[in-house]
Amino acid sequence: MYNQISASLNDFIDNELSLDSVQKKTLLKKQKLTLSDSLKKGHWTSNLCLIASNLAKKNPQDIASALIPVLESKSEIAKVELAGPGFINIFLTREAFLNQLDNAHNDPSYFLNSSNTSKEKIQIEFVSANPTGPLHVGHGRGAAYGDAIGRILERLGHEVSREYYVNDAGRQIDILACSIFLRKFECFKNEFPESAYKGSYILEIADAIELDIGITKSEKESLIDNLPNDNEERIDALIERIKINYPEAWSTIRDFGLSYVIESIREDLTKFKVIFNNWFFESSLGELTDKKSEISKALAKVQKDHAYEKNGAIWLESTKFGDDKDRVIIREDGRGTYLSADLAYHRNKLDRGFDTIINVWGADHHGYIKRIEATIEAMGYSKKQMQVQLVQFANLFENGSKVKMSTRSGNFYTLKQLIDDIGPDASRFYYLSKQADQHLDFDIGIARSNSKDNLYYYIQYAHARISSVEKKFLELKQPLPKKFNDVDFDECDELLQMALSAQFVIKSSGENLQPHLIIYYLRDIAQNFHQFYNNVNILNADEKHKNNIMRTLMIVKSVIASSFQLLGIEPLENM
RNA sequence: GCGCCUGUAGCUCAGCUGGAUAGAGCAACGGUUUUCUAAACCGUGGGUCAGGAGUUCGAAUCUCUUCAGGCGCGCCA
């Protein structure tokens, strides 16, 4: 129906309005055919006359009086009204209204076909937390978000690949290995070093490694003797000493610790129903010392035209591409920077043939966007191919007070705890309940409660209620209806109109990468249903109407279920 | 100082690619169950959409500006 009306409107623009091609283009772009937000305004609404009146310098009324007869000549359209400042409200015939519902129910992309958005290959990189410890509740938000936009984009017909970038090279991992080593062989005096990882998982890993290097008491003492006072310098010195004195134990512990942590992250994400297509290891980019490695090749590419030497380091002229200042890509001591690895990683991603790559980053990285864009341009790619989506941290509350989180001390609320506590589905729901790039206050108390302020259950309850009615209906030995059979019965229209809008909500949430729009839609349709349920005695309704009512409920149920699934949430049959 | 984000009902927030009277939940008060799940529904009160200016037929939405709050600006990752 949407397509038919659109076609008529486009015809009208082409033939009936004396506009030049530029004006036509703006008109086509600005005019919108939308589902009316209230049935008083018909089923469909167009603002065409309002926009056109500006361009053609005519009254909206005059344009409407030419347009209305064209639309009314269609057999599916019952009447067309001019309303408000110049909107066109289109009322369909009963048959046409109900028909589009059957069509949309059978084809989840019924209204989406018209859009000529091409099918794209999209890569989403998200979570990508350093593998130095378990995921915490902050990471959970990025995980829920990245996965949800993946599901939504897939639904819109795109091909999506989910990727986790594993920073398995560099200092952080050395600190991890060092922390495990110190715990394993109990090489510390009274206090564990401030800059080491102190979480209990370090002890777990230390216990799990089977390794005995026969280290003596005096060796331990000399290892921790005369260390620098500064916390950061101290940990670096420890790392150096261990590497030199116990090279084999070091690499055993490093490898074991790393894969242990990565495996536990993977398990947590699996519980959270987030499955990656690819785990990309920073180490696979190779070493800077190896001229044939990917990282060397990528750096060579930008060094050729866009880099210079200063103070012993190699700098990328990122200011040429819009960055605030130039950036070091090779340090004075010859090691690469974080940016150099990221540069090579992005080159690798772009060369894999994705139309779009989406990076989901913590909001504290927003200063990094210009830098990486500049890097991409310096390598000769277009920054338009990359999109960065920022995810703000989530503050966790319990009974109104903030749950304390301190990563260094290792004393923090993990994602696993959250999932065990309120389940993956309620967690995902609340993570997605607000626009991703804004602060989120997440109250575990509410998420866990059965009270009426738990929006998650409010929506699930609508789904469960329909399931229950459906079961009762089947017990009456009546088959579930396959179509509407009472054309004149209109008590379900409001619910049905709302069900229709699902496809538009999904489209918009995909285009804007905003899953929270689906949450608010779900709330609205659930509310509409609960009202309906209270007003209509479904199973005792007139036999003539019961069929239509059940058909309506089936459609609403399927809309709720499929919307939930786009968020990675399983709809409940019973509560 | 520079950059990004935010400011909508008492509280938590929707709405922001301009559209018809600015919405919801919570909180407050008052109602609804011999009937399909009351984790529900109905009603009442509550707003200078931070302030100001501009663009427009039309602004919570776009532009500029002021104020208030948050975050980011390493040869860290």
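Note that the structure is a prediction, hence the values are computed from the model and not measured. Note on naming: letters A, B, ... go to the chains in the order of the sequence lines (proteins, then strands), and numbering restarts at 1 for each one.
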| query | Relative to each other, are the rings of A:Y308 and A:W315 parallel, tilted or perpendicular (30° and 60° limits)? | reply | parallel
| task | With C1' as the reference atom in both, quote the distance from B:G7 to B:C49 in angstrom, rounded to an integer. | result | 10 Å
| request: Could you verify whether a donor N or O on one side chain and an acceptor N or O on the other, from A:E81 and A:N89, lie under 3.5 Å apart? | output: no
| Is A:R331 near enough to B:A77 that one of its side-chain N or O atoms lies under 4.0 angstrom from OP1 or OP2? | yes
| query | What is the nucleic acid contact for A:L50, judged by heavy atoms within less than 4.0 Å: base, sugar-phosphate only, or nothing? | reply | base
| said: Regarding A:Q531, tell me which of base, sugar-phosphate or nothing describes its non-hydrogen contacts under 4.0 Å with the strands shown. | reply: sugar-phosphate
| Which of these nucleotides, B:C41, B:C57, B:A39, is closest to any side-chain atom of A:N54? | B:C57
| field | Gap between atoms CZ and P, on A:R335 and B:C75 respectively (whole Å) | value | 13 Å
| B:G19 P sits how many Å from A:L82 CG, rounded? | 19 Å
| field | Paired nucleotide for B:U63 [Watson-Crick or G-U wobble; both distances under 3.5 Å] | value | B:A53
| Which nucleotide, B:C75, B:C41, B:C36, lies nearest any side-chain atom of A:N534? | B:C41
| note | As its Watson-Crick or G-U partner within any shown strand, both distances under 3.5 Å, B:C71 has B:G3
| request: Check A:K320, A:K325, A:R327 against A:D323 for a salt bridge (Lys or Arg N to Asp or Glu O under 4.0 Å) and give me the one that passes. | output: A:R327
| task | Find which nucleotide of RNA chain B each of A:M575 and A:G170 is nearest to by heavy atoms, and output the residue with the more 5' nucleotide. | result | A:M575
| query | Tell me: CD of A:Q172 to C1' of B:C76, nearest whole Å? | reply | 8 Å
| Which glycosidic conformation, syn or anti, is assigned to B:U33 if syn requires a torsion within 90° of zero? | syn
| query | If you check every side-chain atom of A:W315, which of B:U17, B:A20, B:C75 has the closest atom? | reply | B:C75
| Mate of B:U12 where both pairing distances stay under 3.5 Å, Watson-Crick or G-U | B:A24
| query | With a 4.0 Å cut-off on heavy atoms, is A:N535 in touch with a base, just the backbone sugar-phosphate, or nothing at all? | reply | nothing
| message | Any side-chain N or O of A:K325 below 4.0 angstrom from OP1/OP2 of B:G74? | response | yes
| said: Run A:D333 and A:R335 through salt bridge (charged side-chain N to carboxylate O under 4.0 Å, His left out) and show every step you take. | reply: CA-CA 6 Å; A:D333 61 9; A:R335 284 153 54 230; 2.5 Å; yes
| said: Is the base of B:A40 stacked against the aromatic ring of A:Y458, taking ring centres under 5.5 Å apart and planes under 30° as the test? | reply: no
| query | Do any side-chain nitrogens or oxygens of A:R465 fall under 4.0 Å of OP1 or OP2 in B:A38? | reply | yes
| task | Select base, sugar-phosphate, or nothing to describe what A:D326 touches, counting heavy atoms under 4.0 Å on all strands. | result | nothing
| Base, sugar-phosphate, or nothing for A:N574, non-hydrogen atoms under 4.0 angstrom? | base
| query | Across all strands shown, which nucleotide pairs with B:G43 by Watson-Crick or G-U wobble geometry, both distances under 3.5 Å? | reply | B:C29
| request: Could you work out which one of B:C41, B:G19, B:C75 sits closest to the side chain of A:K32? | output: B:G19
| field | Selected nucleotide, minimal atom distance to A:N540 side chain, candidates B:U35, B:A77, B:C75 | value | B:U35
| note | Atom CG of A:L176 and atom P of B:A77 are separated, to the nearest Å, by 16 Å
| request: Please confirm whether any donor atom in the side chain of A:D364 sits under 3.5 Å from an acceptor in the base of B:A77, or the reverse. | output: no
| message | Under 4.0 Å, counting only non-hydrogen atoms across every strand here, what does A:I549 touch: a base, just sugar-phosphate, or nothing? | response | nothing
| query | On RNA chain B, nearest-nucleotide positions of A:H365 versus A:V536: which is more 5'? | reply | A:V536
| task | Report the distance from atom CG of A:L539 to atom C1' of B:C36, rounded to the nearest whole Å. | result | 4 Å
| Ion pair A:E573/A:K557, N-O distance below 4.0 Å | yes
| task | Rounded to the nearest angstrom, tell me the gap between atom CD1 in A:I459 and atom P in B:A40. | result | 12 Å
| query | Quick one: which of B:C4, B:C41, B:A20 gets closest to the side chain of A:H530? | reply | B:C41
| request: Look through every strand shown and name the nucleotide pairing with B:G18 as Watson-Crick or G-U wobble, where both distances are under 3.5 Å. | output: none
| Sidechain N-carboxylate O distance under 4.0 Å for A:R254, A:D174 | yes
| task | For B:A40 versus B:G25, give the span between their C1' atoms, rounded off to a whole number of Å. | result | 14 Å
| query | Between B:C67 and B:G52, how far is it from one P atom to the other, in whole Å? | reply | 15 Å
| said: Given the structure, check if the side chain of A:H366 and the base of B:G3 hold any donor-acceptor pair shorter than 3.5 Å. | reply: yes
Heteroatom pairs (N/O) under 3.5 angstrom, protein to nucleotides 5-13 of chain B:
unit_1	atom_1	unit_2	atom_2	d
B:C13	OP1	A:K434	NZ	3.2
B:C13	O2'	A:Y520	OH	2.7

| Interatomic distance, A:H516 NE2 vs B:G15 C1' [rounded to whole Å] | 9 Å
| How many Å lie between OH on A:Y368 and P on B:C76, as a whole number? | 12 Å
| task | Assign the ring pair A:Y520 / A:H516 to parallel, tilted or perpendicular, where the plane angle (0 to 90°) is split at 30° and 60°. | result | perpendicular
| Taking the P atom of each, how far is B:G43 from B:U6, in whole Å? | 34 Å
| task | Between B:A20, B:C36, B:C75, spot the one nearest the side chain of A:T337, thanks. | result | B:C75
| From the list B:G74, B:U21, B:C75, which nucleotide is the closest neighbour of the side chain of A:K41? | B:U21
| message | Can you tell me which nucleotide in B:C36, B:C41, B:A40 comes closest to the side chain of A:Q527? | response | B:C41
| query | Where does the angle between the aromatic ring planes of A:F393 and A:H136 fall among parallel (under 30°), tilted (30 to 60°) and perpendicular (over 60°)? | reply | tilted
| query | Salt-bridged, A:K546 to A:E543, with N to O below 4.0 Å? | reply | yes
| Across the strands shown, which category fits A:S53 at heavy-atom distances under 4.0 angstrom: base, sugar-phosphate, nothing? | nothing
| message | What verdict does the ring-ring contact (aromatic ring centres under 6.0 Å, His included) test give for A:F504 and A:F111, after you've listed the backbone C-alpha separation in whole Å, the side-chain angles of each residue and the deciding distance to 0.1 Å? | response | CA-CA 8 Å; A:F504 294 93; A:F111 292 117; 5.1 Å; yes
| field | From B:U17, B:A14, B:A20, nucleotide with atom closest to A:F87 side chain | value | B:A20
| Assigned partner base of B:U35, Watson-Crick or wobble definition, under 3.5 Å | none
| query | Does the B:U35 base have a donor-acceptor partner in the side chain of A:N537 within less than 3.5 Å? | reply | yes
| remark: Exactly one of A:Q389, A:H346, A:Q387 clears side chain to side chain donor-acceptor pair (under 3.5 Å) with A:N359, and that residue is A:H346
| What distance separates A:F473 CZ from A:L539 CG, expressed to the nearest 0.5 Å? | 8.0 Å
| message | Measuring only the C1' atom in each nucleotide, how far is B:U32 from B:C71? A whole number of Å is fine. | response | 49 Å
